[in-house]
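Just follow the structure's listing: the first ligand is 1, and inside any ligand the first atom is 1.
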Amino acid sequence: MNFSSLAAVVLCAGKGTRMSSARAKVLHPLLGKPMGGYPISRALEVGASNVVVVVGHQSDEVKQVLRQVFPTQPLSFALQAPQHGTGHAVGCAEAALAEFRGAVLILSGDVPLLTRQTLQLLIEAYRASSGPLALLSFRPPDPTGYGRIVREGGRAKKIVEHRDASQAERKIDEVNAGVYLADAEFLFKAVKTLSPRNAQGELYLTDIVAQASEVAVVEAPAEEIAGVNDRAQLAALTKLLQQRINLAHMKAGVSMVSPETTFIDEGVEIGADTVLGPMVTLRDGSRLGREVTVGQGCVVTRSVIGDGVELKPYSVLDEAQVGARSFIGPFARLRPGSELAEGVHLGNFVETKKTKVGKGSKANHLAYLGDAVIGEGCNIGAGVITCNYDGVNKYVTTIGDRVFVGTDSQLVAPVTLGNDTFIAAGTTVTEDVPAGALTLSRPPQVNKEGWTERRRKVLDGMKKK
Ligand code: UD1
Ligand code: CA
């Protein structure tokens, strides 16, 4: 068969009534990615040059969310409204593939666990076959509800939906997975001939099987085909996906103290000999180096963590970069745009945002560092605050190298502290500090001796009256 090129159609128009949700089913997430994103990722991985997502229910929201997940990938959308069945859905994708010649992979938006390996077997079977169609079958523990694969002399001849099947056909335990690979020309010709004369009054995609000269069938592992119809299945599949992802990382040399409470999104990268404590969540494209320690309860999103970093418990990192051998937390919060060089120490209750911290600089306790550029070898004391916001605009604080900022100082931006400056504790810095200077803005201290005793006497006198 012609297999010069591959396109994909992902069916996402169905409502998902049993989710009891205001959201479209395909938008419910498994480990940080909407369900519909999984088949799209698989189609791209096996080389689809073009993925057409068929949308119907809440089409605008589905489009918007999937676009966000795949901002640069070759995705297009076809509207199916109203929905007249899976065959009608594929027909709606034809216009988007008008110029396309080759094989079309058809996937369901609510079957997230299908693996790349199984799709590759389907592709191989299609290539080896002389017919225009290959599909996946599987044997579920209970075939009720699925379309049965009817064979004659061993060859797949047609698919009969459960509701249309005879008693004898219902005994067939090999069922249709809803995953197909078809020659584009055959496919779009075949879907035009479909008729709704069946129990559901729909256009069944499955009816194209009877039109193919030969159908290649690949049996897939049942757990990969499991679909999501309700929230219990969503939770069960999330758990399976979690186990699959965690196992792959453990095989690649990552230790997990408690895999069952470790949640890692698909696509997160982790170097060997990294150790993850309990209740750790690593999300959305985060990349961790080798020999990183992630303490209990950390949540790391879209962040890059260098080799040998220690994230102490309950640190939350979002779009942050942490240089090698840095120490973060416990209870640190690194917000978007935090860029730490090597060997940085950020301790408990330190918050950074849009801030660069130079090599070996430390802020060990209770600080807010926002819109700042901090040099190398600095020591930022407890309670230091960059006052970056005047209620209207944000301003930058620039700190040179080897600067000491004493505890409880406020740096009112825009302001620059030169190299080797020393800010005394409790200083409010409002003007630039030249390199090498000591800055203090405290009023001189006054000691009134014997004051407590005099006050006591005054208070006693008032009581007696
Ligand atoms: C379908 C198959 C059945 C197979 C089963 C596997 C048909 C007729 N039957 O049945 O043989 O065993 O999948 O799970 O194809 N969708 C649309 N537009 C529509 C209808 C459905 O986009 O008009 C989408 C749904 O959102 C879903 C997918 O197509 O992602 C499958 O639809 P669904 O109604 O779940 O098909 P089944 O009845 O389960
Ligand atoms: Ca249906």
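Checking only distances, Asn176 does come within under 3.5 Å of ligand 1, N or O to N or O. In terms of polar-atom proximity, Glu161 is counted as a contact of ligand 1, with an N or O under 3.5 Å from an N or O of the ligand. Below 3.5 Å of separation, one finds an N or O of Gly147 facing an N or O of ligand 1. Polar contact with ligand 1: present for Gln80 (N/O pair, distance under 3.5 Å). On a distance-only criterion, Ile159 and ligand 1 share no N/O pair closer than 3.5 Å. The shortest N/O to N/O separation between Ala89 and ligand 1 does not fall below 3.5 Å. On a distance-only criterion, Val54 and ligand 1 share no N/O pair closer than 3.5 Å. Remark: ligand 1 and Thr86 share an N or O pair separated by less than 3.5 Å (distance only, no angle test). An N or O contact shorter than 3.5 Å is missing between Gly178 and ligand 1 by distance.
More than 12 heavy atoms of other residues, nucleotides or ligands lie within 6.0 Å of CZ in Arg139, so this atom counts as buried by the packing criterion.
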Side chain to side chain donor-acceptor pair (under 3.5 Å) assessment of Thr397 paired with Thr386 = CA-CA 7 Å; Thr397 300; Thr386 52; 5.1 Å; no
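Within the model, atoms OG1 of Thr86 and CD of Gln80 stand 9.0 Å from one another, a figure rounded to the nearest 0.5 Å.
Note that Lys312 lies outside the cation-pi zone of Phe327, set by a 6.0 Å cut-off to the ring centre and a 45° limit from the axis.
Contact annotation: Gly227 has no heavy atom less than 4.0 Å from any atom of ligand 1. Taking 4.0 Å as the cut-off, His84 counts as a neighbour of ligand 1 on heavy-atom distance. Residue Thr206 places a heavy atom under 4.0 Å from ligand 1. Contact analysis puts Ala177 in contact with ligand 1, with a non-hydrogen atom separation below 4.0 angstrom.
Note on residues 237-248: no pairs pass salt bridge (Lys or Arg N to Asp or Glu O under 4.0 Å), not counting sequence neighbours.
A donor-acceptor contact under 3.5 angstrom links the side chains of Thr144 and Asp142, judged on distance only.
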